[in-house]
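Notes to accompany the following structure.
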Amino acid sequence: MSGTATMTPPVVRRERVLGRDVSRPDGVPKVRGEFAFSSDLWAEGMLWGRILRSPHPSARIRSIDPSGAWRVPGVRAVLLAEDVPGQPTYGLEHADQPVFASQVVRHVGEPVAAVAADHPETARLAASAIRVDYEVLEPLVDPEAAILAPPIHPDGNVFRHLTIRHGDPSRRGEVSVEGTYEVGMQDQAFMGPESGLAIPGEDGGVDLYVSTQWLHVDRSQVAACLGLPEEKVRLHLAGVGGAFGAREDVSLQVHICLLALATRRPVKIVYSREESFFGHVHRHPARLWLRHQADREGRLVTVEAKVVLDGGAYASSSTAVISNASCFVTGPYVVPNALVEGWAVRTNNPPCGAMRGFGAVQACFGYEAQMDKLAAAVGLDPVEMRLRNALAHGDQLITGQVLRGAAPVAEVIRACAATPLPGPPVTDGPGSMALPGGAGRTAQPGRVRRGVGFAVGYKNLMYSEGFDDYSTARCRLERGLVTITCAAAEVGQGFVTLAHQIAREVLGVDQVVLAPAETSSIGSAGSTSASRQTWMSGGAVAEACRAVARKAVEVAARRLGHPGLELVEGEVVAEGGGLRVPLAEAVGDEVIEETVTYRHPGTSPLDPDGQGDAHVSFAFAAHRAVVDVDLDLGLVRVVEVATAQDVGRVLHPLQVTGQIEGGIAQGVGLAVMEEIVLEEGRVKNPSFTDYLIPTALDMPEVRIGGLIEEPEPGAPFGAKGVGEPPTISSTPAVVAAIRAATGLELSRVPVRPQDIALAAVG
Amino acid sequence: MTVTVAASLDEVLEVLEARPGAEILAGGTDFMVEVNFGHRRPRSVVCVSRLPELRGWREEGGELVLGAGLTYTEMMLPPLAERLPALAQAARTVGSPQIRNAGTLGGNLATASPAGDTLPVLAALDAVVVLRRWGGERRMPVGEFLVGPKRTALLPGEVVTEARVPVGLASGPPAVCQEFLKVGTRNAMVIAVASVALVVDWVGRRVRCALGSAGPAPIRAREAEARAESSMDWEGRRLAAADLDAFGHLAGEAARPIDDHRSTASYRRHAVTVCARRALERAMAGPGWTA
Ligand SMILES: Cc1cc2nc3c(=O)[nH]c(=O)nc-3n(C[C@H](O)[C@H](O)[C@H](O)COP(=O)(O)OP(=O)(O)OC[C@H]3O[C@@H](n4cnc5c(N)ncnc54)[C@H](O)[C@@H]3O)c2cc1C
């Protein structure tokens, strides 16, 4: 049975489970080190796969000689582009990325060949024995130059150019500020490297166990490349060690299936950490130019912006990322007139795509710096400046869309700003670890200055611009046991907890089992991204459970011969109160199963002027950062980040806190240390030795000043997604605080010690 | 691959003699990283981490003898940490607790990374490195042992057994003040962008300053040392601000830094200048860090 959900009045009366810190089903195994991640997979007789990658950012392949690989004993397969039976390319939005490069390579790390062997070392040796004759070309690495440069791919160098024209952008204000900003390339830096196991099936198909964010979209891409019908490609979610957007694109999926089909043996691939840096997309580096005009009271009149995102060699989700970066580049403020131009371009840098915050992060770094400049120019307090322009319900965005949902922007600003400030650092004298420099004990207390910075950010929830965004879930009730089936990828965010909570809440039962997420028994749940699974798959699970509840009441009425029944907290009761039977008893041994497809209200594409109701819903957050800066050495210690966030409704307090703390960690990382350093298209730091992410000594105290619970109309239980907003304005808040401490302009993130120390010296 | 877990130093020396090319494994915190990256493919390994002869430290003949097997965690424990506070400070900056439990002084010396954190400390302490081989021994100042980036004077068949420090420099404050400052782009677990080790011997009236991550190997800032020694008010433990500045600048000038993905040469030189000045200021002001 299946059907498309319609809005149903909730069956729930009093909530027993939602809003509580129920424990995660995967929590204890993860903490005890017993949880099986995709890298732990094993099958009898399995082989090991290895990818040979391009060492050049741009080169023509003159020839490939794989014979050396075949000479290595224990090698079972060596595959090149010509061995791909189906479509030679794949991609999330445009299939422009070759499974294996055949004529040209466009970035360092591009796959050229794959081998399978008895042992990972054998596979490594064999891959390195493949001779590729490259004619090395000059790489195109400047994203602005790429717009007009000769195309490095048949599809051209511009993934998308978009213009947003709103109101009358020629209107001038009395005060004007202008700035150019730059965001470096951030990595998602998940802990579990890409890994998977492919097992060839009797039917000529393949079962792939893999860590991913979206099983069904992987399946479509893999099946197309394998030349198999989708039903012969069965994807199963393996334990995911973090994702943050980096698992939205296909990485090893096609290669591993090709190897398994070629050898008729199970094949496993686990990337090393270094390979992982080359094996997934990163956050787009950005250059932004912004000019803000305001009246003397600080009310925004016109904002003009140009945004260039470096998409690297292949499209990935660049077209959607530039849409976000452009739509949100004026911030959560009322902007009557705007002219925005955005470009996402192709270069020979590593491909970029989804990462937590998805375009909104880069935009926010620019517009929040501008809001501070404007506040200074008008002579307003930064918080007051933002309050004066804050969006509210009923206001219009620069895309012409009117905010119909909850938009408590002023509320998050006030709650965050009202949070008490932390006291001075507790130190044990010079060189205290509590000061900037930490364990290096470099700080001299007299040369440490404190700064406070404030920032607000926002982003769309779920997929936009007319995308058919849906999730599917099944609920089965059998002798009191509820089984939920949904292909939503648990990547650490806690959907598994939420699915339990929702089923228990709606049906009033305690025994809930979540079936494994895979593609053959259920339809797509959509991607675990865009802060969408709580709403979309949470909504699908809720509707499936409600459908079962309705059926159960019918069954009970028939079995008990009593009309006018309803389900209340796990019991079937008669209206007058004359009857009260536990659900399991009331339906006896009848099995009730319902499958629903849940959709959010539709959106529309942007028109040529960038106008349209392109987004479903928005979430807002404010951050206030307190930093201590060593003025001479330029070292920064982020002391505290206070925040308030628009969450709609808290369904699991601890998980909300987890998302906020984790998101702030990534925001702080981008502010002061995280960057993939590139030199002529080459990554200089593909390891955790040199790609630095915050440690416990770098992580600030997080103070949640307010979770604003204004239920979102149309959202299941009124809850908004909470995953991305913590990452968006935390970065600009930290940089604003560093600016406050140093008086420097600091228009680039991450802020490096030399940006402070050498600028201050002059 | 053969692996020998040696029970005595003699056994190690025998194995190294008998199997040329056998590689020494101590805590493995550098060794295994190289293996994992495929930069090192050992055929024969001899493990030295359990050898009683290399463990711990002792005082002997006017010297403090630090075993090659001394771990960072051990360097941070009193009384050693009180006698060699700069070494304790350097140890505290190394990696994470897991790395500090496993990583050893001998491994840091033999790896000879320009960023090895104990190396500038040993250089500032005028340490002598002891090398043993089957039937022989060599001793040399640490500056001679460290030939260049990742290059040492260690010959095949030799093992680092000790580093020896004049006991006069290990008497702790107030007689000897020591500092170690390390600049990195993160507050912990970071490879040094630049570091400074300083030993001020108030009794012998000597200043010793060595720079880390500021050249191919630790650099003694001799001119800075001489300038501080000559301008110091040794009785009053005072130095004019201008002399402190000059000390910092001379230390900075002694640096021979490079540009790389971790930082720039100009920042490194600047950081050395700032840290050297701060180190000297601290050495005059207080007892330094205690574990
Ligand atoms: C996560 C991480 C963080 C780190 N952080 C730092 C840091 O902050 N600062 C720093 O300086 N280092 C750091 N290191 C590097 C490393 O921990 C140190 O260099 C450590 O001292 C190496 O000692 P080990 O006992 O582990 O040596 P091993 O790895 O066992 O050996 C290293 C090398 O020394 C040789 N060797 C070892 N002992 C002897 C001996 N007695 N005689 C002759 N040769 C010998 C080995 O053959 C090998 O070539 C870090 C490493 C990791 C993995």
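Values reported hereafter were calculated over all heavy atoms of this structure, with side chains retained and with hydrogens, waters and symmetry mates removed.
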Go through the atoms of [X] and report whether side chain, backbone, both or neither lie under 4.5 Å from a heavy atom of chain A.
X        : result
B:Val190 : side chain
B:Phe180 : backbone
B:Ser266 : both
B:Arg41  : side chain

| request: Heavy atoms only, distances under 4.5 angstrom: which of B:Val196, B:Thr93, B:Thr185 has the most pairs with chain A? Name it, please. | output: B:Thr185

| request: Among the options B:Ile191, B:Asp117, B:Val183, pick out the one with the most heavy-atom pairs lying under 4.5 Å from chain A. | output: B:Val183

| Any residues in residues 244-257 of chain B near chain A, with a heavy-atom distance under 4.5 Å, and which are they? | none

| For chain A, which residues of residues 98-106 of chain B have at least one non-hydrogen atom nearer than 4.5 Å to it? | none

| Interatomic spacing from OG1 in B:Thr73 to CZ in B:Arg92 - rounded to 0.5 Å | 10.0 Å

| Partner residues of A:Tyr271 under the ring pair (Phe, Tyr, Trp, His ring centres under 6.0 Å) criterion, sequence neighbours left out | none

Under 3.5 Å donor-acceptor, [X] side chain and [Y] backbone:
X        : Y        : result
B:Glu225 : B:Cys209 : yes
B:Gln178 : B:Ala86  : yes
A:Arg748 : A:Gly184 : no

| query | Are the charged groups of B:Arg278 and B:Glu281 less than 4.0 angstrom apart, N to O? | reply | no

| message | Salt bridge check, A:Arg441 against B:Glu179: does any charged N sit closer than 4.0 Å to a carboxylate O? | response |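 Salt bridge absent between B:Glu179 and A:Arg441.
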
Is it the side chain or the backbone of [X] that comes within 4.5 Å of chain B heavy atoms, both, or neither?
X        : answer
A:Glu675 : neither
A:Arg273 : neither
A:Pro436 : backbone
A:Arg637 : both

Option that, when pairs with chain B are counted at under 4.5 Å, heavy atom only, ranks first among [options]:
options                                : result
A:Ser687, A:Ala696, A:Gly437, A:Ser272 : A:Gly437
A:Leu635, A:Asn685, A:Asp690, A:Asp630 : A:Asp690
A:Val677, A:Ile693, A:Val636           : A:Ile693

| query | Under the salt bridge (charged side-chain N to carboxylate O under 4.0 Å, His left out) rule, what pairs show up with a residue in residues 186-202 of chain B, not counting sequence neighbours? | reply | none

| said: With heavy-atom distances below 4.5 Å as the criterion, would you say the side chains of B:Leu239 and B:Ser231 are in contact? | reply: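 SC-SC contact between B:Leu239 and B:Ser231 confirmed.
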
| Only one of A:Ile676, A:Thr731, A:Leu670 forms a side chain to side chain contact (heavy atoms under 4.5 Å, CB included) with A:Gln186, so which one is it? |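 Going through A:Ile676, A:Thr731, A:Leu670 one by one, the side chain to side chain contact (heavy atoms under 4.5 Å, CB included) with A:Gln186 is satisfied by A:Leu670 alone.
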
| message | For B:Arg208, run the side chain to side chain contact (heavy atoms under 4.5 Å, CB included) check against B:Leu198, B:Val176, B:Leu169, B:Leu125 and tell me which one passes. | response |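 When B:Leu198, B:Val176, B:Leu169, B:Leu125 are each tested with B:Arg208, the side chain to side chain contact (heavy atoms under 4.5 Å, CB included) holds only for B:Leu169.
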
| Should the ring pair A:Phe688 and A:Tyr691 be called parallel, tilted or perpendicular, given that the plane angle runs from 0 to 90° and is split at 30 and 60? | tilted

